[in-house]
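The structure presented is a predicted model; accordingly, all values stated were derived computationally and were not measured. Proteins get letters first, then strands, A, B, ... in listed order; numbering begins at 1 in each.
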Amino acid sequence: MMMRKPFRCLTALLLGTAFVAGQAPAPAAAQDDPIAGEIRFSWWGGQSRNEKTDRILQLFEEEYPDVTVVRENSDWMPHWDKLTIQSAGGNQPCTIQMQTRWLATYAKPNILRPLDDLYEAGKLDTRGIAESVIESSRGDDGQLYMIPSGVFFFGMMYNRTMAEEAGMPVPETWTWSEFRDYLEALAPKLPDGVNPTHNMGREANTFVAWIQSNGYEVFDQGEIGFPVEVVVDWFNYWEDMRKAGLTDSAEVMVADLGSLIEESNIANGRTFITERPPNRLDSHQVVLDAVKPGQELGIATYPTGEDGTTGMDLGANGIAIGATCPEELLPASVAWINFFTQDDRAAQIYESDNGVVAIDRFMEAQKNAEDTSRGQREQIEVFQRVVPDAKPVSWPSGGYAALTEAINRGYDAVAFELMTPEEAAEQFMTELADMLG
Amino acid sequence: MKPGPGPEKSAVTPAPQGAAVLPSGRAVPAGRAGTNIRRLENRAAYMFLIPWLAGLFGITIIPVTVSLYLSFTDYNVLSAPTWVGLENYEKLISGDRRYENSLWVTLKFVGYSVPLVLVFSLTVAVVLNRGLAGLAIYRSLFYVPSLIGASVGIGLLWYQVFGERGVFNDLLGLFGFEGRSWVTNPRYALSTVIALNVWTFGASMVIFLAALRQIPDSYYEAASIDGANGWQKFRRITLPLLTPVIFFNMVLLTIQSFQSFTQAFVISRGTGGPVDSTLLYTVYLYQRAFQHLEMGYASAMAWVLLIAIALFTALIFWSAKYWVFYGDK
Amino acid sequence: MARVSLQNLTKTYAGGYLRAVDGLNVDIADGEFLVLVGPSGCGKSTALRMIAGLEDITDGAVWIGDQFVNDVHPKDRDIAMVFQNYALYPHMSVFDNIAFALQISQMPRSEIDARVREAARILELTDYLKRRPGHLSGGQRQRVAMGRAIVRNPSVFLMDEPLSNLDAKLRVQMRAEIHSLQHRLGVTTIYVTHDQTEAMTMGDRVALLKDGVLQQVDRPTDIYNRPANTFVAAFIGSPTMNLYHAAIDGGPTLKLGSSDIRIPQSVFDARPGLSRYKGKPLIAGIRPEDIGDAATAPQRDPSRELTAKVELFEDLGSDTLVHLGVDAQAAEVRSSDSLDEIKSNDAKGRCIARFTAKSEVAIDQTVTVQLDTERLHFFDAETGEAIWT
């Protein structure tokens, strides 16, 4: 299995976004074919992102009156299930939201349309996007498969109000043991019925941080890059906290993972800290405002290893074109991608909802704009702080899905006391290797 | 029926004697003319059958045959299938831990569902058969769940109702019991799925009701005079006379339960969890096929399921001669 | 003691609008074979079911022996019932069917065995004990139903049209069997049927019901020879009695249509009340066997003869039933079962006579018939009641 271009270029270049002069070709003056027809666009997201996307789509349809866009939105996991099934039937939409973690699986010419020809001809507008980000959007075969619009990182979301009321502000960095000590001290000061932390033992993203902060790679040339002891320690870490009553119960842990934002414990003020994508801060804050007015959510970074080794994956979201999109609908699809990525108004509406906006001029503008929401501003600030130490994972085809599945099953078995951590860890390693092979 | 005009005088072939009547009722002259008309009628018949035949082949026979072929291949949808012989089947038998688990889960599911549905539907049918006022309303009410029970919507509803903050726990609270999340706990999740399956007992109940109506009242009157109480009447008259219908329902329910998918899938959010506690055979099949893109392996699973269902059904049929009483004509 | 006493037995539906059984009063002696007979819908089955306890009693009382059984459960009334469709359990053997009641009562196995075999012996079912009802003939099934009844040694047998499902020949045969069986066992029996032949041949007494009301309860000969009203007269006897609107004038003459028939004094003597009807309309009746072919009569007597045209005749071999058109107005008897209601109301009446085999008739032939005036029946034209005193 070929490895995709490493992400290391990405981080260095993003540091100097204000000075990047991405010399991407300017968009062509006129299109040859008419921009018309009905195209489908599928994306994932919660309520507020759906609304934002819809508003942008409306603007787009006003700008190009001969184009209608059929909206196909869904939740996170169903989006990929749907794409798989649609691809099997050759029924995938013309424009598809894509992510670098999943690119390896779908970056094949019979699923997604390689975009090099459109990119070279200047039909796709990629001004302001760092070269490394473009590179990360290539598949194993080196072809370009998506146009990135947002770069995302991972972290934890916590209830700042509760921390302040307890007189224990969350530090900028902490080690895993400091994290645990913090929670132990905080627990008695939390309101009744509030869990100190969501049990992240089954969360793939947090597990990635653990692996990396212990000095290992998640995947190395398509093989597992860490030993079984890392898994055993991980399970034990969370088991200690669970048994000490610092986490939610096993049942709640399972339910909370797959829940909608509106039902999640963090957005309803029932948990102090949990694993959530930082770009979703606003979506969660909206719900919290309705349920517990006055409480504020914030972004916390993952704990580091005892020696300070950080761990955090990095990825990009973008839009790809389906392989089965007919020739006559290509202009409309290209126009949509360009509009979504480059239009000022689109960027303003979207406000880095799905990852910090990749376009440099937008990122700065948003950070400094007055009407930028608190959540997005915080996201951009934290992003700029952590991005130097980020360690993007090179995900093999199906790798992220396999890791998620294996860690879910593995830790669940431990949390429900059906297996010891050692047994579960062994099984985890076997299953993961099996799924990759 | 008009008799035919007699054999045609043909110099070449001796025509068959006598008149004939086609299935359509049309009288047909013997000989050449008759054969032509017969041919025309046959052709018309086939023409009318074509839509159904097309469906039978296109949607059933051909895909099933293709899946048999695929079960001997490695096929990930995105590239062409490669032949691997019996490898998929070997892996099923010896090397797949989750597969074995799904077998147990499915057997448990079927083993609890079928008897529970039979008992519930028969009990309610007997109660309703006493002729309460508003029988038609109750019958419809009990039947409705079976219409909507296999739907995604009801699955989602069930997930909510039996979740930690669901209505079911509120109900338990009224009686002073502590609630818990019934759907995300591996010890109880399967029971919740079974409960949903049993909730749809209405279809079987309606069939039992109809069968109960067939039993003449005079049997029960004679039994009353003979001194039998309600339970004795049920055990010695109702039950034996219902055995054909019980058998019918049992076969139907068994096949249905083995194929059950939606409820477990929706309640476990596609994972078959937690910890594979609701991983029915069909859910695991779905995962291997559509999430892991292993169509060949999944096809092998599908064929094993087909054979298993056939075996179970044959078993029930064989057992029938020991306990099913059919009325002698 | 197993007398059965029905006192004012009543069954109503729909709040009293529908009276299925209306004030039925009958006392049945111990060991008696009483037949409840009448057209369909007359309430006989309902009455039987009330006696059995399968229907609630709206009003009145049922006594079995010394016990007032209105509210007693059927199983405690010491009765056994034979249903019209036999109600044999198709999934049980003949043995089990007969033994069912005994098994329910938890009698010891050996005793059950003995009793069942005894019943089977009496009914000649011993060879069929292992068979299922489905493999038996109609007559055998009927006997199994009887077996189920007799094995319980009840005080009363109740039989609800047990022979209706059999073909004619079998019915005749089973009639005799049931009759003789009842004689042998001496059990009080209440037997319901719509067939008046069965009623007449089997019953010690016959109780005729119409629309829930008892018309007459009497021995068969009495019901036949002294019917209490026109309904009884018409119902009992086959072919049915010929009934006409007629009048009696001063001389002892019966004006029957255009014919005058002389009534002998013995008739007036036997029916004192008849003299009150001089000059008043009444209904006269005469049974077919009392109308003969004048040509073959031992003695001619014009005073009791009239002419008629042969419309149809049925040659039975032993007799010939001749349907004649007479010039007399037929009296109709309303009954839910009879065809009289559909008959058209023409002045010309019908008459059925039973000629002996010696007569020779042809259609459209005009014959002279001779009436046996001693055997004339008279009924009030309005109430239909028989005229006696």
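- Around CG of B:Leu174, the count of heavy atoms belonging to other residues, nucleotides or ligands within 6.0 Å exceeds 12.
- Within a 6.0 Å sphere centred on CZ of B:Phe247, other residues, nucleotides and ligands contribute more than 12 heavy atoms.
- By the neighbour-count criterion of 12 heavy atoms within 6.0 Å, atom NZ of C:Lys169 is sparsely surrounded, having that number or fewer from other residues, nucleotides or ligands.
- Of all non-hydrogen atoms in B:Tyr219 and C:Tyr89, the two that sit nearest each other are O-OH, 3.5 Å.
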(request) Begin from the C-alpha positions of C:Arg49 and B:Glu221 and carry the test side chain to side chain contact (heavy atoms under 4.5 Å, CB included) through to its verdict. (result) CA-CA 10 Å; C:Arg49 289 167 65 86; B:Glu221 287 172 349; 2.4 Å; yes
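- Of the atoms belonging to B:Gln232, it is side-chain heavy atoms, and not backbone ones, that fall under 4.5 Å from chain C.
- The number of heavy atoms from other shown groups lying within 6.0 Å of CH2 (B:Trp52) does not exceed 12.
- Annotation for B:Tyr220: atom OH counts as buried by contact number, over 12 foreign heavy atoms lying within 6.0 Å.
- At most 12 non-hydrogen atoms from other residues, nucleotides or ligands lie less than 6.0 angstrom from CD of C:Glu124.
- Of all heavy-atom pairs spanning C:Met92 and B:Arg236, the tightest one is CE-O, 3.6 Å.
- The side-chain contact (heavy atoms from CB on, under 4.5 Å) test with B:Ile225 is passed by exactly one of C:His73, C:Arg152, C:Arg148: C:Arg152.
- When all heavy atoms are compared, the tightest approach of C:His91 to B:Leu241 is ND1-CD2, 3.5 Å.
- For chain B, the nearby part of C:Leu88 is the backbone; its heavy atoms alone come within less than 4.5 Å.
- A 6.0 Å sphere centred on CZ of B:Phe120 holds no more than 12 heavy atoms belonging to other residues, nucleotides or ligands.
- With a threshold of 4.5 angstrom between heavy atoms, C:Leu54 approaches chain B through side-chain atoms but not through N, CA, C or O.
- Considering all non-hydrogen atoms of both residues, B:Ser218 and C:Ala87 come closest at O-CB, 3.7 Å.
- Using a 4.5 Å cut-off on side-chain heavy atoms (C-beta onward), C:Pro90 and B:Phe325 make contact.
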